[in-house]
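When a ligand or atom number is given, it counts from 1 through the structure's own listing order. Just so it is clear, the structure is predicted and the values come from calculations on it, not from any experiment.
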Amino acid sequence: MVARQLRASGGMWFRFGATQIHVDPGPGALVRALSHAPPFNPRDLDAIALSHKHLDHAGDVTAMIEAMTSGGFRKRGVLLAPNDALVDEPTVLPYAQRFVERIDVVTERGGPYRVGDVEIRASIRHIHAVETYGMHLTHGNMRVSYLPCGRYFDELVEDYALANPDVLIVNVLRFRDGMDVDHLTWDQARAVVEGVRPRVAILQHFGTKMLEADPSALAQTLEDDLGIRAIAARDNLEVDLTTEVAAVGV
Ligand SMILES: [Zn+2]
Ligand SMILES: [Zn+2]
């Protein structure tokens with residue numbers, strides 16, 4: 001998907017009040033941000049956060065740090081990343097690591113890491129080829145969890161359920177297949193959503209088979225069966241989380 005750019009791979013831009021955080025700036029993140037109307041300005045970012053070092057999540061991280069810090073001219077912002085993204089074949093190039101004001105090395109269930117008025121806690125370690133952690137973000141009463149790539153295991157559901165998120169963002173790469181890879185299938189993603197029971201679930205990071213299976217239709221079945229508001233991400237999707245959560249009610 002990334003190599004052919006069948007779907008954009010720039011990651012997510014969060015605005016929590018005045019605090020802005022870019023999560024997983026994959027290939028195209030910088031161009032996508034600047035070409036948005038109105039543009040998202042990297043110089044307004046308070047932090048850049050990586051779930052893991054893989055290029056589909058971090059391809060633009062160095063470019064994004066350069067943009068956030070005006071090419072290193074203004075030392076500012078926080079970088080959150082697992083250790084292995086910062087050392088030995090780092091995806092965040094070392095010269096740019098010096099441009100940020102602070103680096104928080106993310107560890108299993110670590111934190112809280114504070115960015116502006118947002119608190120971020122790391123999840124249990126995901127089963128993935130490299131060091132991978134999800135994020136539990138809290139801003140006021142709003143709790144958002146981001147579950148990045150990884151293999152299914154029961155403790156994964158327990159960890160995210162414990163965070164009790166209003167909104168759960170889940171990466172679901174596979175539809176149904178027998179492949180032995182460290183990514184969730186649709187049925188596993190569904191089991192995660194069912195176990196965590198957020199008010200709103202947002203599904204993203206689709207592989208080819210997922211796209212063919214029509215993510216919006218799948219989200220609708222999830223909504224019908226579980227009574228949980230479900231949104232399938234698409235390029236340039238903007239979601240007002242406060243409105244979505246309020247619409248669901250208590
Ligand atoms: Zn990965
Ligand atoms: Zn991925």
Side-chain angles (χ1 to χ4, degrees), residues 1-14 21-30 32 48-64 79-93 105-108 120 122-137 144-153 155-157 159-160 168-177 179-193 201-213 215 218 231-237:
M1 302 302 293
V2 174
R4 295 161 69 200
Q5 283 292 300
L6 294 177
R7 279 287 179 108
S9 51
M12 296 173 280
W13 191 300
F14 287 102
I21 304 171
H22 199 302
V23 173
D24 282 356
L30 183 57
R32 288 271 172 181
I48 297 171
L50 296 186
S51 64
H52 66 297
K53 72 183 285 187
H54 280 157
L55 276 187
D56 56 328
H57 296 254
D60 259 12
V61 67
T62 296
M64 217 57 181
L79 170 67
L80 293 105
N83 189 57
D84 73 353
L86 304 168
V87 297
D88 316 325
E89 289 194 352
T91 345
V92 188
L93 291 178
V105 180
V106 178
T107 54
E108 181 166 35
I120 303 172
S123 75
I124 191 170
R125 183 172 175 160
H126 283 220
I127 302 173
H128 203 50
V130 297
E131 218 185 328
T132 305
Y133 306 105
M135 299 168 207
H136 304 303
L137 305 105
V144 179
S145 288
Y146 165 46
L147 189 150
C149 307
R151 184 177 288 258
Y152 180 88
F153 61 117
E155 291 80 6
L156 189 68
V157 182
D159 181 277
Y160 284 79
L168 176 66
I169 302 163
V170 184
N171 287 5
V172 45
L173 189 88
R174 305 154 63 197
F175 180 50
R176 285 179 183 132
D177 62 60
M179 288 191 297
D180 187 32
V181 291
D182 292 339
H183 283 280
L184 297 187
T185 61
W186 166 249
D187 296 305
Q188 290 166 338
R190 198 185 145 101
V192 169
V193 172
I202 301 176
L203 309 152
Q204 61 155 19
H205 200 295
F206 307 128
T208 332
K209 291 281 183 279
M210 261 305 287
L211 266 200
E212 283 167 15
L218 291 172
I231 300 168
R234 49 185 161 72
D235 294 355
N236 299 313
L237 173 70

Results of salt bridge (Lys or Arg N to Asp or Glu O under 4.0 Å) for Arg125 - residues two or more places apart only: none

Atoms of protein origin (N, O or S) under 2.8 Å from the Zn ion (ligand 1): His52 NE2, His54 ND1, His128 NE2

Sequence-distant partners of Arg151, salt bridge (Lys or Arg N to Asp or Glu O under 4.0 Å), two or more places apart: Asp180, Asp182

Residue pair Ser123 / Asp159, side-chain donor-acceptor N/O under 3.5 Å: no

Aromatic ring proximity, centroids under 6.0 angstrom, His126 and Phe153: no

Residues forming a ring-ring contact (aromatic ring centres under 6.0 Å, His included) with His57, sequence neighbours excluded: His52, His205

Heavy-atom neighbours of Glu89 CD exceed 12 at 6.0 Å: no

